[in-house]
Amino acid sequence: MTQKPKVAFYWCASCGGCEEAVVDLGAKILDVAEAVDIVFWPVALDFKRADVERLPVRSLLVSFINGAIRSHEQEEMARLLRRKSQLVVAFGACAQLGGIPGLANLSTRRALLDEAYLKSPSTVNPDRIFPQVAELDETVRPLDRVIDVDYYLPGCPPVPGIISAAVEALLTGTAPPRGSVLAPDRALCEECPRKDSKPEKLLLASFQRISLAAADETKCLLAQGLACLGPATRGGCGALCIAGNMPCTGCFGPTSRVRDYGAKALSALGASIEATEPEAIDAALDGIPDAAGLFYRYSLAASRLTKERSCR
Amino acid sequence: MPEAYEPKIVAFFCNWCTYLAADLAGTSRLKYAPNARVIRVMCSGRVDPQFVMEAFGDGADGVLIGGCHPGDCHYQEGNYKALRRFHLLKRMVKQMGIEEERLRLEWISASEGDRVRAVIDDMVARLKELGPRRRAPSREEVLVG
Amino acid sequence: MPERIGVYICHCGTNIAGVVDVPDLVRYCADLPGVTVSRDYKYMCSDPGQQLLQADIRDQDLTRVVVAACSPHLHERTFRRALEEAGLNPYFFQMVNIREHASWVHTDRAGATARARDQIRAAVRRVALHRPLETRTVPIHPDALVVGGGIGGIHAALTLANAGKRVYLVEREPTIGGHMAQFDKTFPTLDCAACILTPKMTAVRAHPNITLWTMAEVAQVEGYVGNYRVTVRHKPRYVIEDACVGCLECIEACVFKEGKVPDDFNLGLSRRKPVYLPFPQAVPQVVVIDPERCIEFKTGKCKKTCVEACADRNAIRFDMTERTETIDAGTIILATGYKVFDARRQPFYGYGEYPNVYTAMEIERLVNASGPTGGELRLRDGRAPRVVGIVHCVGSRDVNTNRWCSRVCCMYSLKLAHLIRERTGAEVYSCYIDIRAPGKSFEEFYNRVSEEGVQFIRGKVADVTPAGDGDGRLVMRVEDTLLGFVRQVPVDMVVLATGLEPQEDAAAVRRLFNITCSNEGWFLERHPKLAPVNTFTEGIFLAGCCQGPKDIPDTVAQAGAAAAEAMALIDRAEIELEPNTAYVREEDCSGCKTCIPLCPYGAISFREQTKKAAIQEVLCKGCGTCVASCPSGSIGQNLFEDEQIFEEIEGVLTYA
């Protein structure tokens, strides 16, 4: 009997949503389980690190690693799995771009720990206990700044459709060239159901915050002054957020033609502002109180700005 | 003996105004600091914020964008797009720990050779005070809120 | 396959070599990845310099070339041509400015050399990513369009027509002639305006190469240099031009016994009937019916005595409608003129309130022999004025209205002062800020008028108020700055020297033709000194006051210049387009429409069939704004691709 291909799933600095996404495959997960041998999956199975260390080099067909690299342990595990795998897939926005944990790079490790364990209003920590202090890196990094990555599955989390398509492609050897993102390479607007309601010549007078707006459920959100990042974001998710009357926040990341998602999204929205005088421009921009949080929500750690940032 | 810090400025100059102004500074033999590296674009509207991120990421201590005065753009409105992007970009890079003076947008018309000199000299002086960007900055200093 | 790059460092005599360490650069570049040849030469732009380059292209199989020398504005074209002659695509070339941007501006040799090194390294990295490009040429349609039938438009049209070009002259009024037709005499020669203008107007009408359309306006302009498609809207005259012989019997026969409609040509100083001829020398010499005032239009129940009077020619047709027509033209000249400043905006001068306050143009009509009073200068009550005051700079040189100097008012005020004195013998007080008399014989004219006894008060008139003597007299209050006190000058009549302004619809017109306006609203020339009749839009030229206030000689000169520019294009028959255009990668475009509103040239449109954006190459000027804005990176720009610029950025910053 031919050996089933071996796969591994691992999570680094993540929320667990990517693990859920695998489970969300529903019935299809049984097909996956049939087709492959999962030899490591901390959230679901009892295999230990030592089991992985015992595996021969490149004996795993593919390791799906989600979460960003934020600690020494995560870096070690990423390197370990890389040695043992033929292919490594950065699974989800955190692994691909640093994800929401990447926003920690707007602050410092010291400030974050102080905030979480000392200063926040609900903390009572008279003994100043800091778990994991020695463990955490100074900055958050996407997976490919630590190990070579073969493929990326975008999304926060990736949607079931692209996960199963990716798994099938990898198992049948029909995946695109190495380094590709396994999702369509055009922006979300193409598949958005509200596309036709977007005016041809849209210039933005101001920005509304979604929490303060009652968005029309049938019209293009950007046309309603909500900062929808659909135009800058890779499609493939079926415009789920738009279906929920929420603007796209960019979790699928950029197309292959864009190097820095946040900067590009800013370029598009910025130039589309109607105002020409500096004061009027600033007034319009007051509707975006947190530009970094908006444009780099998932991709701050992957910004070209921090190309050279040292890891420790 | 370590070299004295000389700030590196990546300057995106629009072909019709600022680049010509820099040429004029040359023909007039004005003298200014050699710290700028000019990248010619046809219009300040071509300057993609990605370029700014790339420049800083590759080690630039400052980024300067030079375009035509509002209303005078050779392509009519390109500089307005640059201005809008710049306002938004300024807010964002400040959050990301880049001091305000490191990113500058200047309107310099083709006849303003002396302004090229003045802006570059001024920017070099300020960047010297700020120090190199590639050192690990004291992040607390530049955090917003 | 790796590129084979040739790097050439120019000494430019000692201009570069005196500051920048050229031998060091040559050594450095030789070691850069991809560089096959690294040389220096005294003068790269010279013939031997270019031949050196070309020999290497052939003998060393170079695929890319970098020249580090002066500004690309000087010699980029030269070297591109050199490459082309050697059989290499001219766009496989990058020029580095190490003279204007380095050796001429840095005293620190090491600093200048370091800068040069970084910029050359960046160019080497960039040029490897250049792609072959073809320069596209488009043909120039031989017909020309002139918009505006004043003296400027007339002269431009005649010049082009005399050169054998076919010209469309489009004028929105029922007759050509513009403002000049309203003048009496022109300064400084005191030529009769109509006498010098009407022969040109007749020449336009008679010229076989000119298609004259009056009552016509440009409705839409599409296309690009050499290939404009212009839609013209013809407003109905209700009279068939070819049938009317200008006998004017219809006017005589009109049911209105006398004119009731204020006559625009005479600025409301006289009245006309609903059917009228704008002025006696109108071209075309065809009457026009005013649908707002004609009884037939308002009630449908007129006796139509005009039609009866025209029975044998049958030229009157009440059923005419507006129609549009589209023409092709290669070049366009805009000569749409100016508007006179509305004196009511300065109520302290009393225009419109006190009967004997007039504007200069009104005086022109009054002193004109074919004007409303047959050339008699009279007050409203019919008496001749004994004292006349002229107020300079009404609506000019004024921070409250228009800051500019309207250039003609001092001279026409002198002229009017002369004419007023000549006709009536009245005392004339001309209140001025400066007397601007710069043109040929202008200063002499000023002296003459001064010697004729016109009195000059150097001061801007503060206000005009009634003298309160029951006689309708007025008082001009002005500070005489030469004498040093405020004077109250009693006058019978005040003449306001109103300035020139851009036409009311200048902003709409400029958008129609895709040109720019200056801050004040005049159409913008490409360069104030070296290209005063060109605009930034290729193929569209300016003549006359639409570009800024000026007098008739300057208008005529500009019109000739514009015609010459147009002729140059027409005779060349084709034009090269800049290759650095943007293009949409259709397979990448998501149809997000972000780019659609960004292009001031209308080059980007949204295609309904594909639901994607598309750029018309011929309309694209290559600014690259859409390229930077495309959120999915689906628009590229020839010669300024993202990857090329990224290489340049990395190149100037990476250390060896």
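Numbers restart at 1 for each chain; the letters A, B, ... are given by sequence-line order, proteins then strands.
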What class does the angle between the rings of Phe130(A) and Tyr117(A) fall in, given that below 30° is parallel, 30 to 60° is tilted and above 60° is perpendicular? perpendicular
How about Ser303(A) and Asp260(A): does a side-chain donor come under 3.5 Å of a side-chain acceptor? yes
Have Glu6(B) and Asn35(B) got a donor and an acceptor in their side chains that come within less than 3.5 Å? yes
Based on non-hydrogen pairs under 4.5 Å, which of Ser267(A), Ala291(A), Ser272(A) is most in contact with chain B? Ser267(A)
Side chain, backbone, both or neither: which part of Phe295(A) has a non-hydrogen atom closer than 4.5 Å to chain B? side chain
Is it the backbone or the side chain of Leu266(A) that comes under 4.5 Å from a heavy atom of chain B, or both, or neither? both
Answer yes if the side chains of Asp185(A) and Thr255(A) hold a donor-acceptor pair under 3.5 Å, and no otherwise. no
Answer with side chain, backbone, both or neither: which region of Leu294(A) has an atom nearer than 4.5 Å to a non-hydrogen atom of chain B? neither
Out of Glu54(B), Gln50(B), Glu77(B), return the one with the most heavy atom pairs under 4.5 angstrom to chain A. Gln50(B)
Where does Ala284(A) contact chain B at under 4.5 Å (heavy atoms): side chain, backbone, both or neither? neither
Step by step, work out the side chain to side chain contact (heavy atoms under 4.5 Å, CB included) result for Cys14(B) and Cys68(B). CA-CA 7 Å; Cys14(B) 90; Cys68(B) 308; 3.7 Å; yes
